[in-house]
Asks: 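Dropping the structure in here first, questions after.
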Amino acid sequence: MEGPLGKASGSSSLAYPSSSSSFFSSFWSSALRSKTLPPPSESSVRTNSGDGLVRRLGLFDLVLLGVGASIGAGIFVVTGTVARDAGPGVTVSFILAGASCVLNALCYAELASRFPALVGGAYLYSYTAFNELTAFLVFAQLMVDYHIGAASIARSLASYVVTLLELFPFFKDNIPTWIGHGGQEFLGGALSINLLAPIILAVLTLILSQGVKESSALNSIMTTTKVIIVIFVIFAGAFEVDIKNWSPFAPNGFEAILTGATVVFFAYVGFDAVANSAEESKRPQRDLPIGILGSLLICATLYIGVCLVITGMVPYQLLGEEAPLAEAFASKGMKYVSILISIGAVAGLTTTLLVGLYVQSRLYLGLGRDGLLPSMFSKVHPTRHTPIHSQVWVGVVASLLAGLFNVHMLSHILSVGSLTGYSVVAACVIVLRWSEKASNLISPNWISSWREGVLCLLVVACSGFCAGLFYRVSAPLVLTLSATVVALIAVVALQYRQVYTLALGFSCPGVPIIPAICIFFNIFLFAQLHYEAWIRFIVLSIITVCIYGVYGQYHADPTSGNPLVYHRAPVGDDAD
């Protein structure tokens, strides 16, 4: 008997490894376990228990959370850097990347509306749609991105803070490098001591540990500040725009614009943080989809405005490399705007770091509840209602990395977790829409409909990687087109050889086509990453599987979830 997702259901799928079975059979029986969650009902989750999180985030808080996670110093740097290659066409690059992220956001929005209001995000979705091991792998890839990213952002924030302090004569040229500017290197560069970065992380960790109300208040203030500054920068720069600088609009052709889109895609990453706040949202089924899409659209609008201003103020070939926006205003005699930009960068980095630490702790909380990590991570403070142990842990890890190592050099191996996580979420939307009726309609004897569908999803992903690889090495166009055609064939199979049900709540349109496009483009971008990022993906996956084999398979329980209770969803035509 197969369940709603085409996987074996019943007690056998949840059986724990026994001493009589071999290690590998025990490993696979554990790895293929999955969660079965109830339909989205706020009443199915205890929200006010003494050891649980508290619902304090309204719609406005969620929108600011998404904006705070996405817009950092990149808006003041990445826009100009890409414009040097794409010209004024960088605006189109941001539009293309934003459109792609909107498709990913639609997938997140459906799952956020569909699932009970629980922490976990991509980890929880993949645990339900696929299996335990896939969920653990998704978590591991995301965590490396978050840990290294938090340390890198903390160092950048420390540098900006020192820059602002040096505006005062007392601090000018009196702050040593080991305080905040870069770091003091030892042992041939193996160590790079930075004192201010871990202090900043400690302060933010303390604020987050006090409660979501306090951390949300800080995020709201800082996010509002940076948005106001960005809007002011756009309006101030609009009066200095010379439309002659927009011609030629695409000096290096559409290929440079497309390449720019693959770069600026990462400027939008962060909206998924809203999905991880589900358990602390007042009305999650309504507010989470709006928060995800609303924050993304706000970010896209601000990015496009900055692009138009910066390329209109200064000819694209004259834009600076490190601080193009600040330099553009300085060249127009508006140095006071440069100071505002530095303040905006500090506010932007602070919110990005704050939300990143927040999301990490909630993911650790979810794994602690499920037993994939030690139970200490599942503890919630009885009065502050924060995952105190998880929060302190992520703060300590980030502080050690930021205080002792120059993690900027690891930036080229980042974004692996985000791209794989987005791809898995898109796949989850398709899998969770499959109807049980499909197995009786289209499946041949040699393969179940569920496995056939998963195989098609893998073909789409592999085709996206091949197309991206061919594009990266400037292979003949026919190879890229061939990979795309193979992906299209797999999408057609998904469309006509599976039966889909309607989603309750917010529904991602165009399933399975839109989620399949997300998978293809995300993996296309994956192929554009540095080859060391691919090595990181493989090595970390192997390490994660080993950790799961040693610890996770023996302690995980998909029916747990303290202090939450999971119930089996009804089976039938409308089980979806």
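Quantities reported herein were computed from a predicted structural model and do not represent experimental measurements.
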Asks: Can you tell me how far apart CG (Leu142) and CG (Asp272) are? Round to the nearest 0.5 Å.
Replies: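 Separation between the atoms: 7.5 Å.
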Asks: Answer whether the closest heavy-atom distance between the side chains of Tyr422 and Val269 falls below 4.5 Å.
Replies: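 Yes, close enough: below the 4.5 Å cut-off.
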Asks: Do the non-hydrogen side-chain atoms of Leu133 and Leu32 ever get within less than 4.5 Å of each other?
Replies: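 Of all side-chain heavy-atom pairs linking Leu32 with Leu133, none is under 4.5 Å.
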Asks: Without swapping roles, check the side chain of Ser113 against the backbone of Phe506 for a donor-acceptor pair under 3.5 Å.
Replies: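 Yes; judged by distance alone, with no hydrogens or angles, the pair exists.
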Asks: Just by distance, with hydrogens left out, do Gln141 and Arg536 show a side-chain donor and acceptor under 3.5 Å apart?
Replies: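 On atom types as modelled, these side chains qualify, holding a pair under 3.5 Å.
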Asks: Using a strict threshold of under 4.0 Å (side-chain N to carboxylate O), is an ion pair present between Asp370 and Lys35?
Replies: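 Result for this pair is yes, salt bridge flagged.
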Asks: What distance separates Leu457 CG from Phe520 CZ, expressed to the nearest 0.5 Å?
Replies: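 So the gap between those two atoms works out to 14.0 Å.
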Asks: Would a distance-only check, ignoring hydrogens and angles, find a side-chain to backbone donor-acceptor pair under 3.5 Å from Arg155 to Phe405?
Replies: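 Yes; at least one donor-acceptor contact below 3.5 Å.
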Asks: What orientation do His147 and Tyr364 show, parallel under 30°, tilted 30 to 60°, or perpendicular over 60°?
Replies: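 Ring orientation, 0 to 90° scale: tilted.
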Asks: Could you tell me whether the side chains of Ser25 and Ser22 share a donor-acceptor contact shorter than 3.5 Å?
Replies: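 Distance-only check passes for Ser25 and Ser22.
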Asks: Side chain to side chain contact (heavy atoms under 4.5 Å, CB included) for Phe266 and Leu419? Distances and angles first, verdict last.
Replies: CA-CA 9 Å; Phe266 305 108; Leu419 289 173; 3.9 Å; yes
Asks: Can you confirm whether Phe465 sits close enough to Phe470 that some side-chain heavy atom of one is under 4.5 Å from a side-chain heavy atom of the other?
Replies: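 Not in contact.
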Asks: Taking atom CH2 of Trp534 as the centre, does the number of heavy atoms from other residues, nucleotides or ligands within less than 6.0 Å exceed 12?
Replies: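 Counting other residues, nucleotides and ligands, CH2 of Trp534 exceeds 12 neighbours.
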Asks: Does a side-chain heavy-atom distance below 4.5 Å link Val486 with Val459?
Replies: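 They are in side-chain contact.
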Asks: Can you confirm whether Tyr108 sits close enough to Leu288 that some side-chain heavy atom of one is under 4.5 Å from a side-chain heavy atom of the other?
Replies: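 Side-chain contact under 4.5 Å: no.
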Asks: Look at the side chain of Thr420 and the backbone N and O of Val416, then say whether any donor-acceptor pair between them is shorter than 3.5 Å.
Replies: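 Checked: pair present.
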Asks: Begin with the C-alpha distance, continue with both residues' side-chain angles, and end with the deciding distance and a verdict on side chain to side chain contact (heavy atoms under 4.5 Å, CB included) for Ser423 and Cys518.
Replies: CA-CA 7 Å; Ser423 300; Cys518 292; over 6 Å; no
Asks: Quick check: do Pro509 and Ile514 have side-chain heavy atoms less than 4.5 Å from each other?
Replies: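 Side-chain contact under 4.5 Å: yes.
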Asks: Anything under 30° is parallel, anything over 60° is perpendicular, the rest tilted; go ahead and classify Trp393 against Phe377.
Replies: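 Aromatic pair Trp393/Phe377 classed perpendicular.
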Asks: Give a yes or no on whether the backbone of Gly68 and the side-chain of Thr352 come within a donor-acceptor separation of less than 3.5 Å.
Replies: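 Such a contact is found between Thr352 side chain and Gly68 backbone.
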Asks: To the nearest 0.5 angstrom, please state how far the CZ atom of Phe24 sits from the OG atom of Ser29.
Replies: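 Spacing of CZ (Phe24) from OG (Ser29) equals 13.0 Å.
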Asks: Which atom names give the shortest non-hydrogen contact between Ala250 and Ile257, and what distance separates them?
Replies: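 Heavy atoms only, the tightest pair is CB-CD1, 3.8 Å.
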Asks: Taking the side chain from Tyr551 and the backbone from Cys546, do they hold a donor-acceptor pair closer than 3.5 Å?
Replies: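 The answer is no, because no donor-acceptor pair under 3.5 Å joins these two groups.
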Asks: Testing the basics here: between Ala151 and Leu401, what is the closest heavy-atom pair and its distance to 0.1 Å?
Replies: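 Nearest pair, atom of Ala151 first, then Leu401: CB-CB, 3.6 Å.
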Asks: Does CD belonging to Glu532 count more than 12 external heavy atoms closer than 6.0 Å?
Replies: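 Count over threshold, so yes.
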Asks: When you compare the side chains of Asp85 and Asn252, does any donor N or O come within less than 3.5 Å of an acceptor on the partner?
Replies: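 Not at all, the side chains of Asp85 and Asn252 share no donor-acceptor pair under 3.5 Å.
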Asks: Do Thr484 and Ser463 come close enough that some side-chain heavy atom pair is under 4.5 Å?
Replies: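 A side-chain contact under 4.5 Å is absent here.
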Asks: Give a yes or no answer on whether the side chain of Glu110 reaches the backbone of Cys508 with a donor-acceptor pair at less than 3.5 Å.
Replies: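 Yes.
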Asks: CD1 of Ile489 to CG of Leu494: how many Å apart, nearest 0.5 Å?
Replies: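 Atom-to-atom, Ile489:CD1 and Leu494:CG are 12.5 Å apart.
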Asks: Check whether any side-chain N or O of Ser70 sits under 3.5 Å from a backbone N or O of Val67 as a donor-acceptor pair, and report yes or no.
Replies: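 No, because the side chain of Ser70 does not come within donor-acceptor range (under 3.5 Å) of the backbone of Val67.
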Asks: Where the side chain of Thr128 meets the backbone of Leu124, is there a donor-acceptor pair that is under 3.5 Å apart?
Replies: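 Yes, Thr128 side chain to Leu124 backbone: donor-acceptor pair under 3.5 Å.
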Asks: Compare every heavy atom of Gln498 with every heavy atom of Trp434, then report the nearest pair and how far apart it is.
Replies: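 Closest approach of Trp434 to Gln498: NE1-CG, 3.6 Å.
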Asks: Should the pair Tyr471 and Phe524 be assigned to parallel (<30°), tilted (30 to 60°) or perpendicular (>60°) ring geometry?
Replies: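 Because their plane-to-plane angle lies in the 30° to 60° range, the rings of Tyr471 and Phe524 count as tilted.
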Asks: Distance from Leu353 atom CG to Leu157 atom CG, nearest 0.5 Å?
Replies: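 Taking CG in Leu353 and CG in Leu157, the distance rounds to 6.5 Å.
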Asks: Is there a side-chain contact between Leu455 and Glu452 in this structure, where contact means two heavy atoms from C-beta onward sitting under 4.5 Å apart?
Replies: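 No, too far: nothing below the 4.5 Å cut-off.
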Asks: Looking only at heavy atoms, what is the nearest atom pair of Pro324 and Thr81, with distance?
Replies: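 Residues Pro324 and Thr81, closest heavy atoms: CG-N, 4.3 Å.
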Asks: For Ile71 and Ile298, what are the C-alpha separation, side-chain angles and deciding distance, and is it a side chain to side chain contact (heavy atoms under 4.5 Å, CB included)?
Replies: CA-CA 10 Å; Ile71 295 184; Ile298 290 174; 5.6 Å; no
Asks: Answer yes or no: is there a donor N or O on one side and an acceptor on the other, between the side chain of Tyr303 and the main chain of Gly98, under 3.5 Å?
Replies: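 Looks like no, no N/O pair under 3.5 Å.
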Asks: Of the options Thr79, Thr311, Leu319, which is the one that meets Val90 in a side-chain contact (heavy atoms from CB on, under 4.5 Å)?
Replies: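 So, applying the side-chain contact (heavy atoms from CB on, under 4.5 Å) to Val90 and each of Thr79, Thr311, Leu319, only Thr311 qualifies.
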Asks: Hey, are Glu132 and Tyr548 close enough side-chain-wise for a donor-acceptor pair under 3.5 Å?
Replies: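 On atom types as modelled, these side chains qualify, holding a pair under 3.5 Å.
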Asks: With rounding to the nearest 0.5 angstrom, report the CG to CD distance, Leu372 to Gln553.
Replies: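 CD of Gln553 is found 11.0 Å from CG of Leu372.
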Asks: With respect to Tyr127, which candidate in Tyr123, Phe130, Tyr125 satisfies the ring-ring contact (aromatic ring centres under 6.0 Å, His included) definition?
Replies: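 Checked Tyr123, Phe130, Tyr125 against Tyr127; only one passes ring-ring contact (aromatic ring centres under 6.0 Å, His included): Tyr123.
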Asks: Which atom names give the shortest non-hydrogen contact between Phe271 and Ala105, and what distance separates them?
Replies: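 That would be CE1-CA, 3.7 Å.
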Asks: Could you go step by step and tell me if Cys428 and Leu111 meet the side chain to side chain contact (heavy atoms under 4.5 Å, CB included) rule?
Replies: CA-CA 8 Å; Cys428 289; Leu111 297 180; 3.9 Å; yes
Asks: Would Thr259 and Arg472 satisfy side-chain hydrogen bond (donor to acceptor under 3.5 Å, both in side chains), going step by step from the backbone distance to the final call?
Replies: CA-CA 9 Å; Thr259 301; Arg472 176 176 180 169; over 6 Å; no
Asks: Of all heavy-atom pairs between Ile513 and Val491, which one has the smallest distance, and what is that distance?
Replies: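 Closest approach of Ile513 to Val491: CG1-CG1, 4.2 Å.
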Asks: Is Arg114 reaching over with its side chain to a backbone N or O of Leu432, donor-acceptor style, under 3.5 angstrom?
Replies: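 Checked: pair present.
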Asks: Side-chain donor-acceptor pair under 3.5 Å between Arg362 and Ser390, yes or no?
Replies: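 No, no side-chain donor-acceptor contact under 3.5 Å.
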